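Predicted model, so just to flag it, every value in this text is computed and none were measured. Only heavy atoms go into these numbers, but all of them, side chains included; no hydrogens, no water, no symmetry mates.
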Amino acid sequence: MRTRTSAPGAPGTEETDALPGTRERIVRAASLLMQRQGYDGTGIKQISQEAGATLGSVYHFFPGGKQELAVAAVHRGDEEFSAILRELLDAEPDPAKAVVAVTLDLAEGLRASDWRDGCPVTATALGTSGRLPDIQRAASTAFARWQEIVETRLRASGMPGDEAAELAVMVICTLEGAELAAQVSRDERPLLIAGRQLARLIGPARTDRSARTD
C-alpha cells in the first residue's frame, strides 16, 4: 500500500521540521525507487544519488548491501501504511465506511503520483520471490500487521473474532489487488469498486451479528 512521503528531503513530505538524517534519506530513497522500479531494477548507486549520500555512507549503514536495505525499505513501508490504516479506520465509526475511505485514500495517492507509486512492500518483494527470504519475511510481516489492524477494528465494531480475522485477510488482499489493477490500468475504478463491495460485506456481517445478540 502507498505511503505519504515523496522523494527524500523533498518539499511536501511530512518531515517538515528538519531534514532527515543520512540513514533515513537512504531508506526513503530505496523505498521510493523500489516502489517504482522493483528490487532488481534498483541499484545501490542510484539509491545513493537519490538520497544525496555517498556509496560509503550507504554501506556504512547497510553493510549487507541492497538486500539489507530492501528489508529496511519494506519495514518502512509497513510502518507508514500501518499508521495511515489506523488513522483512517479510527476516524470513521462505521467500519464499512472506513474501508471505503481507505480505498479513496489509495486512489488519491495513485493519481497524485501519476500512477507510479503503488505498494512499496509488494513492489520490492515480488521480484525476490523464492530467492531472498529476508525480504519475503519482512513483507509477510507487513501483511500480517495490516490484517491485524483491520481485524482489531472489525472486532471493536462487534464482529466475532473468527469472522473478523477472515474478513481482515479479505480486506487487505482485495485492497492490494485493486491497487495494483488501478495502477496498471491508470484508472481508480478497481479501488472504488473494491471499496463498495467490501463495505457491503462488512455492513451485513455487523448487522446480522447485532440481530443475533440483541
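Evaluation of the ring pair (Phe, Tyr, Trp, His ring centres under 6.0 Å) test over residues 36-74, restricted to residues two or more places apart or in two chains, returns none. Each ring pair (Phe, Tyr, Trp, His ring centres under 6.0 Å) pair with one or both residues in residues 126-179, not counting sequence neighbours, appears once here: F81-W146, F143-W146.
Looking at S57, its side chain never comes within 3.5 Å of a backbone N or O of A53 through a donor-acceptor pair. Without hydrogens or angle criteria, K97 side chain to A199 main chain gives no donor-acceptor distance under 3.5 Å. Within the 3.5 Å criterion, the main-chain N or O of W115 finds a donor-acceptor partner in the side chain of Q183. Between the side chain of S48 and the backbone N or O of K45 there is at least one donor-acceptor pair closer than 3.5 Å. Side chain of R116 to main chain of Q35: no donor-acceptor pair is present (N/O by atom type, distance under 3.5 Å, no hydrogens or angles). Side-chain atoms of R153 come within 3.5 Å of backbone N or O of L89 as a donor-acceptor pair. A distance-only check finds a donor-acceptor pair linking the side chain of T124 to the backbone of P120 [under 3.5 Å]. Panel note: side chain S31, backbone V27; no donor-acceptor pair is recorded below 3.5 Å.
By the neighbour-count criterion of 12 heavy atoms within 6.0 Å, atom CD of Q49 is densely surrounded, having more than that number from other residues, nucleotides or ligands. Shown here is D162, whose CG atom has no more than 12 heavy atoms of other residues, nucleotides or ligands within 6.0 Å. In the displayed structure, R189 atom CZ is contacted under 6.0 Å by at most 12 heavy atoms of other residues, nucleotides or ligands.
Look at R76 and E24 and you find a salt bridge, because one of the NZ, NE, NH1 or NH2 atoms lies within 4.0 Å of a carboxylate O, short of that distance.
Shown are T128, I47, I135, V121; of these, the side chain to side chain contact (heavy atoms under 4.5 Å, CB included) with M34 is made only by I47.
From E151, atom CD reaches atom CG of L167 across 10.0 Å, with rounding to the nearest 0.5 Å. Put simply, CD on E179 and SG on C119 are 6.0 Å apart, with the number rounded to the nearest 0.5 Å. Between E80 atom CD and H75 atom NE2 the span is 14.0 Å, to the nearest 0.5 Å. Distance check: I172 CD1 to I149 CD1 gives 7.5 Å after rounding to the nearest 0.5 Å.
Under the rule for a side-chain hydrogen bond (donor to acceptor under 3.5 Å, both in side chains), the partners of E176 that lie at least two apart in sequence or sit in another chain are T122.
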